[in-house]
Amino acid sequence: MASTPCSSSTCAPIQSSLFSSFTLRRRLPLVGAFCMLSLGLSNIYTPFYSSALKTGSKLGVRSHSAIRMEANSTTVPSIVVYVTVPNKEAGKKLAESIVTEKLAACVNRVPGIESVYQWEGKIQTDSEELLIIKTRQSLLEALTEHVKAHHEYDVPEVISLPITGGNLKYLEWIKESTRE
């Protein structure tokens, strides 16, 4: 018969502390992953990331293929703009007019989104299409006015997010494909 190294009264505190330590170790990677997603890799590892961009080492990134926006004079401050539309036809028409007017270099149309929102005191749910628009920051006001003039909604969504870096050739293409 095997003997136990401790009685049940002395093992309980040890098991409890082992469980707590194990639980903590299991949760720490989740906390770290959350922080990485929230803060972004470039914010946490900026010195390493920056040196890798310059040398083209470690991360497999070549200095001519990816840049930070403020570091290059061949690009302009650029943004991504989200606009929702009620259907495919409205999305196609608005996207084409935006690109034709050179208010954006590219508009991606993402079908099949469902929007849940509050409007006039009621919760609404609608099927929509999302337009993802890449353009110059300086064109936001003109783009917003264009969307408001050509949109079916009384209050169309027009929100912008800054582009902080990316493929240099693509960012130069945004500059070349849009009006000043």
Side-chain angles (χ1 to χ4, degrees), residues 36-46 49-50 52-56 59-180:
M36 295 294 275
L37 291 172
S38 298
L39 300 173
L41 283 172
S42 64
N43 291 337
I44 295 171
Y45 292 108
T46 301
Y49 178 74
S50 296
L53 282 178
K54 291 175 188 169
T55 64
L59 295 174
V61 179
R62 294 189 180 125
S63 60
H64 69 276
S65 65
I67 63 152
R68 296 186 63 82
M69 284 302 294
E70 64 275 2
N72 195 299
S73 61
T74 63
T75 63
V76 293
S78 300
I79 55 175
V80 172
V81 180
Y82 291 157
V83 174
T84 52
V85 292
N87 55 50
K88 182 179 182 174
E89 296 77 29
K92 184 175 181 176
K93 184 178 175 183
L94 186 57
E96 287 178 357
S97 69
I98 289 168
V99 174
T100 299
E101 293 294 320
K102 293 190 170 268
L103 291 168
C106 176
V107 178
N108 301 116
R109 295 177 34 232
V110 183
I113 67 165
E114 186 173 289
S115 297
V116 179
Y117 58 97
Q118 187 170 356
W119 184 252
E120 297 178 347
K122 296 180 183 176
I123 300 296
Q124 305 286 326
T125 302
D126 288 316
S127 294
E128 294 183 299
E129 185 169 283
L130 175 64
L131 303 182
I132 304 172
I133 304 164
K134 278 77 73 180
T135 189
R136 296 171 181 235
Q137 182 179 348
S138 62
L139 291 174
L140 180 58
E141 187 176 334
L143 175 63
T144 302
E145 291 306 314
H146 182 88
V147 169
K148 287 170 31 180
H150 296 88
H151 205 288
E152 297 179 24
Y153 294 163
D154 294 334
V155 182
E157 171 188 357
V158 180
I159 57 173
S160 71
L161 304 168
I163 297 174
T164 59
N167 180 346
L168 176 60
K169 295 294 183 191
Y170 188 85
L171 298 171
E172 289 172 343
W173 176 74
I174 290 175
K175 178 182 178 182
E176 294 165 6
S177 300
T178 53
R179 67 184 188 198
E180 291 189 36

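Since the model is a prediction, treat every value here as computed from it, not as a measurement.
Distance check, rounded to the nearest 0.5 Å: OG of Ser115 to CD of Gln124 gives 11.5 Å. Of the inter-residue distances, the one linking Ile133 atom CD1 with Leu139 atom CG reads 11.5 Å to the nearest 0.5 angstrom.
Listed by chain and residue number, Lys148 satisfy the salt bridge (charged side-chain N to carboxylate O under 4.0 Å, His left out) test with Glu145 (two or more places apart in sequence, or in another chain). Tyr82 is linked by a ring pair (Phe, Tyr, Trp, His ring centres under 6.0 Å) to nothing, counting only residues two or more places apart in sequence or in another chain. Annotation: side chain to side chain contact (heavy atoms under 4.5 Å, CB included) contacts of Ile123 (sequence neighbours excluded): Val116, Gln118.
Between Leu140 and Thr135 the shortest side-chain heavy-atom distance does not fall below 4.5 Å.
Contact record, Ser78 with Ile174: OG-CG2, 3.9 Å, taken as the closest heavy-atom pair. In terms of heavy atoms, Lys169 sits closest to Asn167 at N-OD1, 3.0 Å. For Ser160 against Ile79, the heavy-atom pair with the smallest separation is CB-CD1, 3.9 Å. Residue Ile98 comes nearest to Ala104 through the heavy atom pair CG2-CB, 3.5 Å, listed as atom of the first residue, atom of the second, then distance. Of all the heavy atoms in Ala142 and Leu103, the pair that sits closest is CB-CD2, 3.8 Å.
Legend: side-chain hydrogen bond (donor to acceptor under 3.5 Å, both in side chains) pairs involving residues 91-102, not counting sequence neighbours, sorted by first then second residue: Ser97-His146. Judged as a salt bridge (Lys or Arg N to Asp or Glu O under 4.0 Å), the pairs with a partner in residues 125-140 (not counting sequence neighbours) are, in order, Arg109-Glu129.
The number of heavy-atom neighbours closer than 6.0 Å to CD of Glu180, taken from other residues, nucleotides and ligands shown, is 12 or below. Under a cut-off of 6.0 angstrom, the local environment of CD in Glu114 is crowded, with over 12 non-hydrogen atoms contributed by other residues, nucleotides or ligands.
Within the 3.5 Å criterion, the main-chain N or O of Ala105 finds no donor-acceptor partner in the side chain of Thr178.
Of the candidates Asn108, Val107, Val147, Leu131 forms a side chain to side chain contact (heavy atoms under 4.5 Å, CB included) with just one, namely Val107.
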Using distance only, find each side-chain donor-acceptor pair of residues 83-90 under 3.5 Å and give its atom names and separation, not counting sequence neighbours.
from: Thr84; atom 1: OG1; to: Glu157; atom 2: OE1; distance (Å): 3.1
from: Asn87; atom 1: OD1; to: Glu89; atom 2: N; distance (Å): 3.3
from: Asn87; atom 1: OD1; to: Ala90; atom 2: N; distance (Å): 2.8

